[in-house]
Participant: 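Here you go, one structure.
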Protein chains: 2
Amino acid sequence: MSSVALGQGPAGARDPLSLVFAALADPTRRAMLTRLRRGPATVAEIGEPFDMTGPAVSKHLRVLERAGLVSRGRVAQSRPATLQAEPMRQVAEWAEEFREFWEKRYDRLDDYLSTMADDPEDRA
Amino acid sequence: MSSVALGQGPAGARDPLSLVFAALADPTRRAMLTRLRRGPATVAEIGEPFDMTGPAVSKHLRVLERAGLVSRGRVAQSRPATLQAEPMRQVAEWAEEFREFWEKRYDRLDDYLSTMADDPEDRA
DNA sequence: CAGTTATCTAACCAACTGGTTTCCAATAGG
DNA sequence: CCTATTGGAAACCAGTTGGTTAGATAACTG
């Protein structure tokens, strides 16, 4: 190799779906989203159930925001967060492509081969 | 504080669902899973589409394995990976709980106000 | 203007991630 | 036994994550 071994794979610049999955890969953030199903809430309200400082809550909300899962508003001093479920639909849609595999029994290899017909590429 | 701020929140010891979401938060790994819908494959086969060394592929497979998304076997020197879609079902199930929110229209501010308006101050 | 409330920014830290290169273990075959 | 093939393990590096504390910003209140 002519070049030195340099930083190749930072996890930073991810595609949209990866951002959503990464945002969901934290129980605190998932709980926050569940909380937001009851309606918009302020940072203090969202963070209340967790033993966590304000900035920590704020950071989690930012991750959710960058993933498109919440939007922020402004009401007086508060910046209420509102659930945006569209990315969740994409998650469900992507997972659904594997439905046949969790519904089927794989005792037989025959089944497995017969169901494999065609499918476009992964679109990340 | 008298004590130093140590070991607060490593991302390591996560719950099962978080492990699954984290595993899916990488386009390479999602592509690997898509590849495995066509049937079990060896490490070399799985890594072939990616410009990546063997150990890197191996690491990705390990992440998928820890998340329960693939199982490994042994055939001669090869250790074929097989898709296990059960965790995917849980992902779909979790996301589905938000269905009403991505089906609903939220153009109305009424919903938003109805949850916040404990004391309807007029502010305009 | 000063103070309170609500939230964010900045700087810092330890642990994890995702890649690399190098080396090791197990299996098939002459 | 020796060798080639297939894959994993160890050590390393740069960048991200998730938390902290301390200070800044914005809007309401007096």
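Only a predicted model underlies this, so the values are computations on that prediction, with no experimental measurement involved. Chain letters run A, B, ... following the sequence lines, proteins first and then strands; every chain starts at 1.
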Participant: Could you report the tightest heavy-atom contact between B:Leu36 and B:Ala81, atom names first, then the distance?
Facilitator: CD2-O, 3.5 Å

Participant: Please tell me which of the listed nucleotides, D:dT20, C:dT20, D:dG8, lies nearest to the side chain of B:Thr53?
Facilitator: C:dT20

Participant: What class does the angle between the rings of A:Trp94 and A:Phe21 fall in, given that below 30° is parallel, 30 to 60° is tilted and above 60° is perpendicular?
Facilitator: perpendicular

Participant: Nearest whole Å is fine: how far is D:dT16 P from A:Arg14 CZ?
Facilitator: 10 Å

Participant: Could you check B:Thr28 against B:Met52 for side chain to side chain contact (heavy atoms under 4.5 Å, CB included), going step by step and ending with a plain yes or no?
Facilitator: CA-CA 10 Å; B:Thr28 301; B:Met52 203 181 294; 3.7 Å; yes

Participant: B:Arg66 side chain: which of C:dT17, D:dT5, C:dT7 is closest?
Facilitator: C:dT17

Participant: Can you check the A:Arg79 CZ to D:dA26 C1' distance for me, whole Å?
Facilitator: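 Value for this atom pair: 10 Å.
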
Participant: Could you tell me the separation between the CE atom of A:Met52 and the P atom of C:dA6, rounded to a whole number of Å?
Facilitator: 19 Å

Participant: Using a 4.0 Å heavy-atom cut-off, does A:Ala44 contact any base of the nucleic acid, only the sugar-phosphate backbone, or nothing at all?
Facilitator: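 Answer is sugar-phosphate: A:Ala44 comes under 4.0 Å of backbone atoms only.
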
Participant: Are more than 12 heavy atoms from other residues, nucleotides or ligands located less than 6.0 Å from atom CZ of B:Arg62?
Facilitator: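 Open: at most 12 neighbouring heavy atoms sit under 6.0 Å from CZ of B:Arg62.
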
Participant: Expressed as a whole number of angstroms, how long is the span from A:Asp26:CG to C:dC16:C1'?
Facilitator: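 One finds 13 Å between C1' of C:dC16 and CG of A:Asp26, rounded.
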
Participant: Go through C:dT7, C:dT20, D:dT5 for me and flag the one nearest to the B:Gln77 side chain.
Facilitator: D:dT5

Participant: Which of these nucleotides, D:dA26, C:dC8, C:dG18, is closest to any side-chain atom of A:Arg74?
Facilitator: D:dA26

Participant: Ignoring backbone atoms, test whether B:Arg29 places a side-chain nitrogen or oxygen under 4.0 Å from the OP1 or OP2 oxygen of C:dG18.
Facilitator: yes

Participant: Could you state the CD-P distance from B:Glu48 to D:dG7, rounded to the nearest angstrom?
Facilitator: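 Going from B:Glu48 (CD) to D:dG7 (P), I get 13 Å.
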
Participant: For B:Pro87 and B:Gly68, work out which heavy atoms get closest and say how close.
Facilitator: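 In terms of heavy atoms, the two residues are closest at CG-O, 3.4 Å.
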
Participant: Check the pair A:Arg72, A:Thr82 against side chain to side chain contact (heavy atoms under 4.5 Å, CB included), reporting the backbone distance first and the verdict last.
Facilitator: CA-CA 6 Å; A:Arg72 310 295 305 275; A:Thr82 304; over 6 Å; no

Participant: How bent is the helix from C:dC1-D:dG30 to C:dG30-D:dC1, comparing axes over its five end pairs at each side, to the nearest 10°?
Facilitator: 10°

Participant: Please determine, for the side chain of A:Ala76, which listed nucleotide (D:dG7, D:dC28, C:dA28) has the closest atom?
Facilitator: D:dC28

Participant: Please determine, for the side chain of A:Pro55, which listed nucleotide (D:dC28, C:dG19, C:dA10) has the closest atom?
Facilitator: C:dA10

Participant: Just compare C:dT7, C:dT20, D:dG7 and give me whichever is closest to any side-chain atom of B:Arg72.
Facilitator: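 The closest nucleotide is D:dG7.
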
Participant: Can you give me the closest heavy-atom contact between A:Ala95 and B:Val91, atom names plus distance?
Facilitator: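 Answer, listing the atom of A:Ala95 first, then B:Val91: CB-CG1, 4.1 Å.
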
Participant: Quick test of your reading of the model: are B:Arg89 and A:Glu103 salt-bridged, counting only N-O distances below 4.0 Å?
Facilitator: no

Participant: Quick check on DNA chain C: between A:Arg62 and A:Ser78, whose nearest nucleotide comes earlier from the 5' end?
Facilitator: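 Checking each residue's closest nucleotide, the 5'-ward one belongs to A:Ser78.
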
Participant: Among the candidates D:dG7, C:dT7, C:dT27, find the nucleotide nearest to the side-chain atoms of A:Thr42.
Facilitator: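 Taking heavy atoms from C-beta onward, the closest nucleotide is C:dT7.
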
Participant: Whole angstrom is fine here: how far is it from CD in A:Glu65 over to P in C:dC8?
Facilitator: 8 Å

Participant: Rounded to the Å, how far apart are B:Lys59 NZ and D:dA9 P?
Facilitator: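 My rounded result for the distance is 11 Å.
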
Participant: What integer distance in Å separates B:Asp51:CG from C:dG18:C1'?
Facilitator: 14 Å

